[in-house]
Structures are given as structure tokens and as C-alpha cells.
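Counting begins at 1 with the first residue of the sequence.
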Amino acid sequence: MLTATLNDLERVAPAFLAQRSETVLPIDWEFVQNHFGITFPADYREYRSHYRHLLIDGFLTILGPVPGDEQGYVAATAEHLELFRGMADDDMTEGYTFHPEAGGLFPWGGSSEGDMFFWRMSGPDPDRWPSVVFSRNLDWWEHDGTMLSLVVGLIDGSVEHRGLPVQPRPNPPVD
């Protein structure tokens with residue numbers, strides 16, 4: 001399982017440093033996690049605790065709750081899950097299922113091109129959940145690593161961007 005840290009992300013995309021909150025953002029993780037019945041991976045919670053919604057190179061955003069609007073995140077995520085469950089019912093997901101199914105996918109990111117990024121909840125340890133990519137070209141592929149390892153790998157070129165119409169540039173702008 002490939003892993004990465006916020007330091008790795010900030011190394012390949014120094015523009016993150018100017019966006020990092022000096023204090024931990026007060027997200028009500030208990031509310032969000034209880035609603036979905038899961039514990040989110042540590043790298044995701046750490047990322048969302050220091051960064052608000054940002055767009056990486058005009059392409060990729062990491063979805064998540066913001067302080068005071070956790071209910072909005074829950075509602076938006078439920079809509080995403082419903083949409084993808086419908087795609088699964090129509091055999092458009094290459095056999096992937098979605099939360100709350102055992103081993104189902106749970107969204108953590110999206111792109112300006114309509115791509116989606118998920119965890120495959122493959123066991124009790126969320127820090128070992130691989131990432132799954134769905135490209136707007138209807139390509140599905142799995143990355144044996146954490147959310148941050150996928151994002152860092154897409155930026156530094158160590159992860160092939162299979163099917164993604166855009167790949168973030170090295171040292172991308174972040175806003």
C-alpha cells in the first residue's frame with residue numbers, strides 16, 4: 001500500500017503552503033462519520049482539517065466537509081452515491097458497488113472534467129483502502145495507495161493518469 005503525507009503533497013505542489021490553515025479546521029467528524037457509519041482515512045481527515053475546498057491545477061478537487069456545513073457535505077455525498085448506485089444497476093461500473101455495500105466505493109474527489117475519485121472500502125482499516133478512479137471516458141482503475149499517494153503521484157507523474165483527460169502539471173497552481 002502506497003502512502004503519502006501532507007508534507008509530500010506540499011513538496012510536489014508548494015502552492016498548497018499558502019492555502020494551509022494555521023489552525024485545525026473545526027470539522028464535526030463525529031457527525032459525518034456517524035451519518036455514514038464509517039471512519040475516514042487519516043490522510044483525508046488530516047488534509048480536510050488543514051485545507052478548505054481547493055482546485056488543483058484547475059482540474060482536481062478533494063471533496064469534504066467544511067466547518068458549519070457538514071450537513072451540506074452529507075447531502076451532496078448522498079446524491080453522488082445515489083447517482084453511482086444507478087450506474088451500477090445499469091452495469092456501467094465494471095462490477096464496483098457503492099457505500100453502504102460491503103467493499104463499496106465512497107467518493108473523496110472529483111475533477112472539472114467529470115472524473116470521480118473513490119475509496120474502495122475493502123476491510124476494517126480505512127488507512128488501507130485503495131483509491132479507485134472513474135474517468136469521464138468510462139475508464140475505471142484502481143490505485144493501490146491512499147488518497148494522498150494518488151494525488152501526489154498524479155502531480156509528480158509517478159502514477160499513470162489512465163483515462164483522465166487532464167493530468168496536473170508539476171508544481172501546479174492551487175486555488
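- With sequence neighbours left out, Arg45 forms a salt bridge (Lys or Arg N to Asp or Glu O under 4.0 Å) with no residue at all.
- Residues satisfying the side-chain contact (heavy atoms from CB on, under 4.5 Å) criterion with Leu60, sequence neighbours excluded, are Ile56, Phe117, Val151.
- When atom types are taken as modelled, the side chain of His35 and the backbone of Val74 share no donor-acceptor pair closer than 3.5 angstrom.
- The closest donor-acceptor contact from the side chain of Thr61 to the backbone of Gly110 lies at 3.5 Å or more, if one exists at all.
- Sequence neighbours left out, the pairs with a member in residues 6-22 that pass side-chain hydrogen bond (donor to acceptor under 3.5 Å, both in side chains) are Thr5-Asp8, Glu10-Arg20, Glu10-Tyr51.
- Screening residues 71-80 for salt bridge (charged side-chain N to carboxylate O under 4.0 Å, His left out) gives no qualifying pairs among residues at least two apart or on separate chains.
- Between the side chain of Asp156 and the backbone N or O of Ser158, at least one donor-acceptor pair lies under 3.5 Å.
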Contacts table for residues 95-102: side-chain donor-acceptor under 3.5 angstrom, sequence neighbours left out:
from, atom 1, to, atom 2, distance (Å)
Tyr96, OH, Glu142, OE1, 3.0
His99, NE2, Phe36, O, 2.9

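- Residues satisfying the side-chain contact (heavy atoms from CB on, under 4.5 Å) criterion with Pro107, sequence neighbours excluded, are Thr77, His80, Leu81, Met116, Phe118.
- Within the structure, salt bridge (charged side-chain N to carboxylate O under 4.0 Å, His left out) contacts touching residues 60-72 (residues at least two apart or in different chains) do not occur.
- Between Tyr47 and Leu9 there is a side-chain heavy-atom pair separated by less than 4.5 Å.
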Can you give each donor-acceptor pair under 3.5 Å made by side-chain atoms of residues 161-168, sequence neighbours left out, with the distance rounded to 0.1 Å?
from, atom 1, to, atom 2, distance (Å)
His161, ND1, Gln167, OE1, 2.5
Gln167, NE2, Leu154, O, 2.7

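- Under the rule for a side-chain contact (heavy atoms from CB on, under 4.5 Å), Leu83 has no partner lying at least two apart in sequence or in another chain.
- For residues 103-115, the set of pairs meeting the side-chain hydrogen bond (donor to acceptor under 3.5 Å, both in side chains) definition, not counting sequence neighbours, comprises Ser111-Asp115, Glu113-Arg136.
- Heavy atoms from other residues, nucleotides or ligands lying under 6.0 Å from CZ of Arg128 number 12 at most.
- The salt bridge (Lys or Arg N to Asp or Glu O under 4.0 Å) test applied to Glu30 returns no partner, not counting sequence neighbours.
- Side-chain N or O atoms of Asp125 include one that pairs as donor or acceptor with a backbone N or O of Asp127 at under 3.5 Å.
- Phe106 pairs with exactly one of Trp129, Phe40, Tyr44 by the ring pair (Phe, Tyr, Trp, His ring centres under 6.0 Å) rule, that one being Phe40.
- Scanning both residues, Tyr73 and Leu63, for their nearest heavy atoms gives CE1-C, 4.4 Å.
- Residues that satisfy the salt bridge (Lys or Arg N to Asp or Glu O under 4.0 Å) test with Asp57, not counting sequence neighbours, are Arg169.
- Two residues are said to be in side-chain contact when any heavy atoms from C-beta on lie closer than 4.5 Å; Val24 and His50 meet this criterion.
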